[in-house]
Amino acid sequence: MKRLAPIIAGAIIMTTTSTEARQPTNEGRRFSPEQVRSVAPALEQYTQDRLYSDVWNRPGLSSRDRSLVTLAALIARGEAPELTQYADLAIESGVTPAEISEVITHLAYYSGWGKAMAAVGPVGEVFAKRGIEADQLPAIRPDPLPLDEKAEAQRAARVGEQFNTVAPGLVQYTTDYLFRDLWLRPDLKPRDRSLVTVAALISVGQVEQITYHLNRAMDSGLTEEQASEVITHLAFYAGWPNAMSALPVAKGVFEKRRN
Amino acid sequence: MKRLAPIIAGAIIMTTTSTEARQPTNEGRRFSPEQVRSVAPALEQYTQDRLYSDVWNRPGLSSRDRSLVTLAALIARGEAPELTQYADLAIESGVTPAEISEVITHLAYYSGWGKAMAAVGPVGEVFAKRGIEADQLPAIRPDPLPLDEKAEAQRAARVGEQFNTVAPGLVQYTTDYLFRDLWLRPDLKPRDRSLVTVAALISVGQVEQITYHLNRAMDSGLTEEQASEVITHLAFYAGWPNAMSALPVAKGVFEKRRN
Amino acid sequence: MKRLAPIIAGAIIMTTTSTEARQPTNEGRRFSPEQVRSVAPALEQYTQDRLYSDVWNRPGLSSRDRSLVTLAALIARGEAPELTQYADLAIESGVTPAEISEVITHLAYYSGWGKAMAAVGPVGEVFAKRGIEADQLPAIRPDPLPLDEKAEAQRAARVGEQFNTVAPGLVQYTTDYLFRDLWLRPDLKPRDRSLVTVAALISVGQVEQITYHLNRAMDSGLTEEQASEVITHLAFYAGWPNAMSALPVAKGVFEKRRN
């Protein structure tokens with residue numbers, strides 16, 4: 001029994017971190033509450049009362065999911081300095097270092113290489129502080145998840161028909177690098193990978209791609225309530241206009257799937 | 001008379017700062033003229049001759065308004081390091097520290113929390129340099145401005161009808177946090193709050209929301225000439241494409257209001 | 001013969017830098033390979049195998065053009081810290097310091113003043129390291145390239161008809177500062193200036209202006225294959241969604257020009 005104790009304790013901690021609502025603390029903040037108050041006292045009050053205490057404790061989306069959504073928003077929007085706070089919070093909320101690593105790699109393709117690279121500095125600080133080593137990070141070439149060959153063939157055919165006469169190289173990379181490689185990496189579940197993609201798209205107002213990726217996310221298990229909370233959460237991190245512009249797109253997706 | 005002198009002098013200074021055209025100096029610049037010349041001599045010349053001397057002295061929009069518009073553009077676009085120069089210029093142009101504080105708080109909601117937070121560092125430097133203390137900043141919960149209940153009820157009903165089935169949480173926050181709270185904060189006049197909102201939207205190409213907020217700004221006193229100058233000013237700070245994309249939207253608003 | 005040798009050697013070097021494919025090395029990188037591996041090992045592997053070795057060696061677009069496109073993307077997207085690597089690579093690939101200087105000045109107008117200014121720091125570092133002095137940079141007021149008066153008059157008339165009633169100041173600046181000045185600066189060839197403009201527009205999702213500027217680029221000599229490779233290249237530096245959103249626009253331009 002003695003050797004089982006830490007394993008059981010670990011299991012309990014896992015359960016705790018993934019179900020109990022966690023909200024941001026002031027740990028790892030770029031600017032302290034005092035600094036913010038010296039410029040905008042109301043902003044600090046709103047940060048504590050509304051953003052941290054209210055938004056993060058809403059039902060409908062777990063702290064873990066909110067952390068993934070927030071990481072995606074910060075990386076996609078070029079707000080990497082905020083990651084010292086939010087990568088730390090993500091780990092506290094049950095996101096593994098391997099998953100954070102995969103989010104960064106994923107967003108190199110979806111938010112641009114430079115935005116992903118900018119995350120290396122602050123996330124590296126958080127990993128170093130917590131003693132996270134290479135053996136906790138995803139393999140470079142892990143065994144891929146199984147592929148739905150039929151669905152992928154249809155997707156590739158559709159994109160090819162549209163754009164093979166414009167940019168055949170990009171069409172080929174989309175197949176080889178994204179859908180037959182990146183999306184099959186096992187260290188971030190397809191549902192979470194889609195969640196991160198949708199959050200990144202909404203965060204920078206790329207509405208054109210939301211329909212495809214929101215449907216894909218919901219096919220992988222994201223519920224309507226969760227998707228709704230993602231948009232509400234992002235109103236704060238990506239600004240009201242980006243959230244409002246996502247609403248008609250989400251409405252279209254929800255209505256089509258209900259019928 | 002002796003004790004009145006500084007008060008009168010103060011009044012004269014107030015008048016001066018709000019009516020006389022002020023243009024940027026090199027005070028607080030992120031990169032000195034010499035640094036810019038060592039990379040792009042023409043850019044420095046254009047900065048002095050066109051941006052500082054020409055654009056900022058155009059009639060149709062005061063230096064104070066141009067300062068508010070520029071602050072909004074820099075915050076919305078993630079160019080916070082430029083604020084050491086432009087928050088200083090704003091104060092020289094008659095924008096109060098309380099108003100700058102409100103602009104930052106306002107843009108947390110309209111440009112995303114991280115963009116507002118990034119302004120804390122450089123604006124804090126300017127405030128510290130000028131000895132600006134907490135008593136010059138807005139109260140956390142000031143007495144709100146009166147609300148036009150009928151207009152707000154109509155707005156809320158319209159948004160609710162559209163999106164209550166998609167994201168009821170966001171619809172509720174829009175009412176509670178924005179239109180029944182943020183917009184009623186008295187330390188930034190409704191016309192200026194709208195000016196800042198419109199400038200932020202144009203600066204990042206969020207054209208969908210411009211129609212509503214430009215109309216709201218003009219309902220609060222922004223003239224057509226001023227709106228036109230806002231777009232012209234932003235061509236320089238947000239780039240020509242964002243300004244050009246705002247033109248057809250503004251044209252639609254102007255034409256509808258003229259009839 | 002003795003005095004001709006260095007001239008011939010120089011000519012050979014010129015030829016080499018402009019035709020041989022060059023790919024990024026780790027020189028001047030913001031984060032070292034070790035730093036990236038400590039956070040996202042797969043990202044570093046993709047960076048080396050896919051981005052550096054594969055994308056940069058694709059036929060259809062020279063390393064010099066890829067460097068111009070990458071500089072434009074980084075500046076337009078506010079990723080100036082990456083320029084210590086890519087301004088250096090640009091010079092290695094045959095882009096002259098004068099051309100880099102012109103790219104920055106050009107993008108002040110097309111990506112906003114702050115984005116161009118942010119490039120001054122890192123590019124200044126590269127210039128200093130290489131001992132590049134003022135005499136290698138463009139004159140402030142060089143003799144302009146000849147103007148196609150008829151085409152420019154048509155452009156000005158078209159824009160004036162649309163927007164003189166909205167923002168006559170901006171319409172006038174577009175003529176005076178852009179098309180009768182900036183575009184006639186001789187230190188960046190019109191084809192390269194258009195290439196940089198198109199790359200900047202695609203990189204931040206400003207699709208509305210792509211049609212005009214892609215046509216202009218192709219009128220100045222950019223081939224369809226090169227334009228296609230620009231979009232493919234930018235999928236990596238600006239993210240897949242921005243590249244995908246450019247495809248239907250490019251398709252429309254290509255098809256119209258083929259007929």
Side-chain angles (χ1 to χ4, degrees), chain B residues 29-32 35-47 49-51 54-55 58-60 70 73-74 77-82 86 203-205 207 224 227-255 258, chain C residues 76 78 87 97 100-124 126-128 132-134 137-142 159 162-163 165-174 176-178 181-182 185 187 197 200-201 204-206 208-209 213:
Chain B
R29 276 180 56 159
R30 184 177 180 194
F31 297 113
S32 69
Q35 281 179 292
V36 179
R37 267 186 227 115
S38 73
V39 168
L43 176 57
E44 182 56 29
Q45 195 70 30
Y46 289 150
T47 300
D49 293 354
R50 296 184 176 177
L51 189 59
D54 182 351
V55 174
R58 290 176 62 84
T70 308
L74 296 174
R77 290 167 57 76
E79 299 172 1
E82 298 278 323
Y86 286 101
S203 292
V204 295
V207 291
E224 204 178 276
S228 168
E229 280 299 317
V230 168
I231 299 172
T232 302
H233 188 90
L234 286 173
F236 293 83
Y237 286 96
W240 239 256
N242 282 323
M244 294 307 286
S245 290
L247 286 181
V249 186
K251 190 180 186 179
V253 170
F254 291 175
E255 284 177 354
R258 283 175 198 158
Chain C
I100 294 175
S101 180
E102 281 298 304
V103 167
I104 295 171
T105 302
H106 186 80
L107 292 179
Y109 292 91
Y110 280 90
S111 302
W113 226 258
K115 296 282 184 272
M117 280 294 173
V120 165
V123 172
V126 172
F127 281 9
I132 291 160
E133 303 275 357
L137 301 181
I140 290 174
R141 287 188 200 79
V159 174
Q162 282 181 281
F163 299 124
T165 57
V166 189
L170 180 52
V171 169
Q172 194 62 47
Y173 279 146
T174 305
D176 297 346
Y177 286 0
L178 296 191
D181 181 78
L182 188 69
R185 293 180 60 85
D187 291 278
T197 309
L201 292 170
V204 295
Q206 284 168 328
E208 281 180 42
Q209 281 85 12
H213 283 289

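Model, not experiment: these values are computed from the prediction. Numbered from 1 within each chain, the chains take letters A, B, ... in sequence-line order.
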Which region of C:Ala134, side chain (C-beta onward) or backbone (N, CA, C, O), has a non-hydrogen atom less than 4.5 Å from a non-hydrogen atom of chain B, or is it both or neither?
-> neither

With a 4.5 Å cut-off on heavy-atom pairs, point out which of C:Leu178, C:Ile104, C:Val204 contacts chain B the most.
-> C:Leu178

Interatomic distance, CD@B:Glu44 vs CD1@C:Ile140, rounded to 0.5 Å, equals 9.0 Å

Could you check which of B:Arg58, B:Glu82, B:Glu255 has the highest count of heavy-atom pairs closer than 4.5 Å to chain C?
-> B:Arg58

What is the minimum heavy-atom distance between B:Pro241 and C:Leu201, and which atoms define it?
-> CG-CD2, 3.6 Å

Let me know if C:Ile132 has heavy atoms under 4.5 Å from chain B in its side chain, its backbone, both or neither.
-> neither

Kindly assign one of parallel, tilted or perpendicular to the pair B:Trp240 and C:Tyr109, based on the angle between their ring planes and the thresholds 30° and 60°.
-> tilted

Heavy-atom distance under 4.5 Å between the side chains of C:Met117 and B:Arg30, does that happen here?
-> no

Could you check which of C:Gly124, C:Ala128, C:Ser111 has the highest count of heavy-atom pairs closer than 4.5 Å to chain B?
-> C:Ser111

Closest-packed option against chain C by number of heavy-atom pairs under 4.5 Å, given B:Ala40, B:Pro41, B:Ala250 | B:Pro41

Checking C:Ser101 side chain against B:Val39 main chain: does a donor-acceptor pair fall under 3.5 Å?
-> yes

At what distance, to the nearest 0.5 angstrom, does OH of C:Tyr177 lie from CG of B:Asp54?
-> 3.5 Å

Honestly, the part of B:Arg29 sitting under 4.5 Å from a heavy atom of chain C is side chain

Most contacts with chain C, counted as non-hydrogen pairs under 4.5 angstrom, among B:Gly78, B:Ala227, B:Pro248, B:Ala73 | B:Pro248

With only heavy atoms counted, which part of C:Val159 is less than 4.5 Å from chain B, the side chain, the backbone, both or neither?
-> side chain

Point-to-point distance, once rounded to the nearest 0.5 Å, from CH2 of C:Trp113 to CZ of B:Arg77 | 12.5 Å

Please round to the nearest 0.5 Å and tell me the distance separating atom CG of B:Leu43 and atom NE2 of C:His106.
-> 12.5 Å

If you count heavy-atom pairs under 4.5 Å between each of C:Val103, C:Asp181, C:Val126, C:Val123 and chain B, which one has the most?
-> C:Asp181

Using non-hydrogen atoms only, which part of C:Ala118 is less than 4.5 Å away from chain B: side chain, backbone, both, or neither?
-> both

Please report the closest heavy-atom contact between B:Glu79 and C:Gly114, naming both atoms and the distance.
-> OE1-CA, 3.6 Å

Region of B:Val253 that comes under 4.5 Å of a non-hydrogen atom in chain C = neither

From C:Leu170 atom CG to B:His233 atom NE2, the distance as rounded to the nearest 0.5 Å | 12.5 Å

Go through the atoms of B:Gln45 and report whether side chain, backbone, both or neither lie under 4.5 Å from a heavy atom of chain C.
-> side chain

Measure B:Thr47 against the heavy atoms of chain C and call it side chain, backbone, both or neither at under 4.5 Å.
-> both

Can you measure from CD (C:Gln162) to CE (B:Met244) and round to the nearest 0.5 angstrom?
-> 7.5 Å

Measure B:Ala238 against the heavy atoms of chain C and call it side chain, backbone, both or neither at under 4.5 Å.
-> backbone

Can you tell if the side chain of C:Gln209 reaches within under 4.5 Å of the side chain of B:Ser245, non-hydrogen atoms only?
-> yes

Part of C:Ile100 within contact of chain B (heavy atom distance under 4.5 Å) | neither

Who wins among C:Pro168, C:Pro138, C:Gly121 for the most heavy-atom pairs under 4.5 Å with chain B?
-> C:Gly121

B:Pro81, part contacting chain C, at a heavy-atom distance under 4.5 Å | neither

So which part of B:Tyr46 gets closer than 4.5 Å to some heavy atom of chain C, the side chain, the backbone, both or neither?
-> both

Contacting region of B:Leu51 [heavy-atom separation from chain C under 4.5 Å] | side chain

Contact class of C:Tyr110 relative to chain B, heavy atoms under 4.5 angstrom = both

Carefully, step by step, assess B:Phe254 and C:Thr165 under the rule side chain to side chain contact (heavy atoms under 4.5 Å, CB included).
-> CA-CA 9 Å; B:Phe254 291 175; C:Thr165 57; over 6 Å; no

